[in-house]
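One structure below.
First the proteins, then the strands, lettered A, B, ... as listed; each starts at 1. Here the structure is a predicted model, which is why all the values come from computation and not from measurement.
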2 protein chains.
Amino acid sequence: MTVTGSRGRRERLRAETTAEIKKVALALMASGGPDAITLRAIAREMGMTANAIYGYFPTRDDLVTTLINDVYTALADAVDTAWEATPSADPAVRIEAWANAFRTWALINPQGFRLIYGDPVPGYQAPEGGPAPDAAHRVCTGLTALAAAAWPHARHLYQDSAFDWSDFDPGLLGKVRPAFPDLPPAAVALALRIWGHLHGLVSLEVYGHMRTQTTSPEKLFQEELAQLMRMLGIPRQR
Amino acid sequence: MTVTGSRGRRERLRAETTAEIKKVALALMASGGPDAITLRAIAREMGMTANAIYGYFPTRDDLVTTLINDVYTALADAVDTAWEATPSADPAVRIEAWANAFRTWALINPQGFRLIYGDPVPGYQAPEGGPAPDAAHRVCTGLTALAAAAWPHARHLYQDSAFDWSDFDPGLLGKVRPAFPDLPPAAVALALRIWGHLHGLVSLEVYGHMRTQTTSPEKLFQEELAQLMRMLGIPRQR
DNA sequence: GCGAAAACTATACGCCGTGAAGTTTCTGTA
DNA sequence: TACAGAAACTTCACGGCGTATAGTTTTCGC
C-alpha cells in the first residue's frame, strides 16, 4: 500500500482518463456545439487513437449519455443552489431567483442547453431509464417547490383543475410527493406548465429564434416573471 | 412551341427535379429525422449520383435552408388556416383553434418541428436573412392577431408594460404595425410571450421530455389554453 | 448539323463511428 | 523474481458522409 493506495493505482489512472475524456468532450461541445463531440477529435486532443476511447465508453452514444447526465446535473445544481441561497420568507424573490438562474445557466451554457434539450447529436437516441431522467425530475421537483411555495396564494386559482395523480410519471411522484405531502396534483401540473413557459422563452432565445423578433429578450423574460407571480396569485411587491 | 411550351422544357425538367429532391429529402426527414437528410441518400433514392444534386443546390446547407423555409411556411399556413376557418365572433374559440393547430401540426410533423426549431442538422448554421425569418414573422403576426383579438379584454392587464417599439425587430414590425395600427408595443410583447408558452410545452412534448413527467400532455396543454384565456382577460365560457 | 451549355458521372480527399487483430505495458501470483 | 494474463493502446480496414475537380453524355438554339 502506497500513499495513493497501490491497489487502486490502475483504477485511479482509469478514472483520470475517463475524466479527461469527458473534460475534453465538454470543451469541444462548448466551442463547437454538441456535434463537435467526435471520438476522433477527443482522441486527437488527448494524443491518443480514437479507438482507445472504446476502452472507456462502449460507443459514442454512451459517452454522450454520460455527458448529458453531467450537464443536466450541473443545471439542476445551479437552480437548486439559487433556490437555497435565497431567503425563503418571500416566495416571489425565491421564484425569481430560480427562474433567473435557469435562464442565466442556459445563456452561459447554450451548447449544454442544446445537448440536454435538443437533438443532442446527429443520430443519438436517448436511453429509456438512465440518470438523465433523474436530473429532469430534480428540475421538476425544484419547480414543484416553487409551486408549493406559492400554493397558499395560488390554490384558489386552480380549484377546477382536472388532474389526477395517475396523470404523472411514478418516478417523478416518488420524488415530489414525499417532499410535499400536502400538495394536490393540480400543483404538479402547474409546475410542469411553468416549466413549459420558461423553457419556451429560454429555448427560443438560445436557439436564436428571438433574435429576429425582439432586441431585448431580457426584458421579455422579466415581464414573464412578473406575470408568473400573477399566475401564482402572489401580490405585487414594491 | 409544343403544347407544354418548348422554351420551358429544360426549365420544367429542372423544376421537376428540384421538386423531387425536396420531396425525397422531406420523406427522408419524416422517417429518420433531420439527420437523415443526406445528399447521398437522396441521390440513392433518385437513382443519381450525390454530386448531381450540386447542380440544384450549391451545398447541403442550402438544401436544408430551402426545406426549413418550406416546412416553416407549411406550419404558418396550418395555423393561419385554422385561424381563418374559425368564426371571429368569439376570440376564445379562435385562439384555441390557433393554438391547437400549432400543437397538432407539431405532433403530426415532429421531424419538421425539429428541423425548424432544433439544431436542424449536424453542422447547420442558419443564414442571416432568407425566407425562414419571414415565416417566423408570419407566425408571430398570427400570434399578434391573437393578442389583438383579445386586446379589448387584455389591455388593462398590461398597463405598466415597459416595452417600446424599439425593442422589436423592424422586419416584424413592418408586418405587424400595418396590420394592427392601434396596437401598442405591450401587445406584441404579449404575443411573443404567448409564443414562448406554447413553444415550450410543445417542444418539451415533441422532444420527449414530457414523457418522463406526465402521461397526458394533452390535458396539460388544454389547461394551458384555459389559463391563456385568463392571461388575456377573456371571461370563461360555458 | 453543330457548337455550346447544361446535366450528370467518376474519382478523390478528408472527415466520421466502429470492428478485428496485433502490440505494448502493467500487475498479481507462484 | 519471473511469468501468465489482463488491461491499455495502436494499426488497419470498412462503409458513410460532404464536397472539390475533371471528364462525359445529353440537349438546345442557331
Side-chain angles (χ1 to χ4, degrees), chain A residues 1-2 4-22 24-25 28-29 31-67 119-125, chain B residues 1-22 24-25 28-29 31-67 119-125 127:
Chain A
M1 279 293 187
T2 73
T4 55
S6 72
R7 183 117 88 80
R9 138 116 216 230
R10 203 153 196 169
E11 291 161 31
R12 206 191 65 236
L13 286 177
R14 190 181 171 75
E16 278 169 12
T17 307
T18 306
E20 191 185 350
I21 291 172
K22 296 207 283 185
V24 172
L28 286 168
M29 180 195 74
S31 68
D35 308 318
I37 304 171
T38 72
L39 297 186
R40 293 183 125 103
I42 295 167
R44 218 177 292 129
E45 204 78 19
M46 294 176 65
M48 292 200 327
T49 311
N51 282 21
I53 298 177
Y54 282 89
Y56 299 87
F57 297 93
T59 193
R60 191 208 50 158
D61 277 13
D62 289 87
L63 170 58
V64 170
T65 300
T66 304
L67 295 177
D119 281 309
V121 97
Y124 180 83
Q125 195 56 286
Chain B
M1 280 291 186
T2 73
V3 266
T4 54
S6 73
R7 178 115 89 83
R9 140 114 215 228
R10 204 155 196 166
E11 291 162 32
R12 206 189 66 237
L13 286 178
R14 189 179 173 76
E16 278 169 11
T17 306
T18 306
E20 191 186 351
I21 291 172
K22 296 206 285 183
V24 171
L28 286 168
M29 181 196 73
S31 68
D35 308 318
I37 303 171
T38 283
L39 296 186
R40 293 183 127 102
I42 295 167
R44 219 177 293 130
E45 204 80 18
M46 294 177 66
M48 293 199 328
T49 311
N51 282 17
I53 299 177
Y54 282 89
Y56 299 87
F57 297 94
T59 193
R60 193 208 50 160
D61 278 11
D62 290 87
L63 169 57
V64 170
T65 301
T66 305
L67 294 177
D119 281 309
V121 99
Y124 180 83
Q125 196 57 286

Query raised in the report: Does some side-chain heavy atom of B:Leu63 sit less than 4.5 Å from a side-chain heavy atom of B:Tyr56?
Result: no

Query raised in the report: Once you round it to whole Å, what is the distance between C1' of D:dG18 and CG of B:Leu28?
Result: 16 Å

Requested in this report: With rounding to the nearest 0.5 Å, note down the distance linking CD in A:Glu16 to CD1 in A:Ile21.
Outcome: 12.0 Å

Query raised in the report: Under 4.5 Å between any side-chain heavy atoms of A:Leu67 and A:Met29, yes or no?
Result: no

Query raised in the report: In whole angstroms, how far is the P atom of D:dT11 from the CG atom of A:Leu39?
Result: 17 Å

Report task. Determine whether B:Phe57 and B:Leu39 make a side-chain contact, defined as any pair of heavy atoms from C-beta on separated by less than 4.5 Å. Result -> no

Query raised in the report: What integer distance in Å separates B:Arg44:CZ from D:dG15:P?
Result: 13 Å

Requested in this report: Provide, to the nearest angstrom, the distance between the CG atom belonging to B:Leu63 and the C1' atom belonging to D:dC17.
Outcome: 15 Å

Requested in this report: Round to a whole Å and report the spacing from OH of A:Tyr54 to C1' of D:dT11.
Outcome: 15 Å

Report summary line: Looking only at D:dT19, D:dC17, C:dT18, the nucleotide nearest the B:Thr59 side chain is D:dT19

Report task. Supply the atom-to-atom distance A:Arg60 CZ to A:Ile53 CD1, rounded to the nearest 0.5 angstrom. Result -> 11.5 Å

Requested in this report: Choose from C:dG17, D:dT19, C:dT18 the nucleotide whose nearest atom is closest to any side-chain atom of A:Thr38.
Outcome: C:dG17

Query raised in the report: Whole Å only: how far is the CD atom of A:Glu11 from the C1' atom of C:dT27?
Result: 12 Å

Return the polar atom pairs (N/O with N/O) between nucleotides 5-9 of chain C and the protein under 3.5 Å, or none.
residue	atom	partner	partner atom	Å
C:dA7	OP1	B:Arg14	NH1	3.1
C:dA7	OP2	B:Arg14	NH1	3.0
C:dC8	OP2	B:Tyr56	OH	2.5
C:dT9	OP2	B:Thr49	N	2.8
C:dT9	OP2	B:Thr49	OG1	2.8
C:dT9	O5'	B:Thr49	OG1	3.1

Query raised in the report: Over how many whole Å does the gap from A:Ile42 atom CD1 to C:dC15 atom P extend?
Result: 16 Å

Query raised in the report: Quick one: does B:Glu45's side chain get under 4.5 Å of B:Ile42's, heavy atoms only?
Result: no

Requested in this report: Figure out the CZ/C1' separation between A:Arg40 and D:dA13, and round it to whole Å.
Outcome: 11 Å

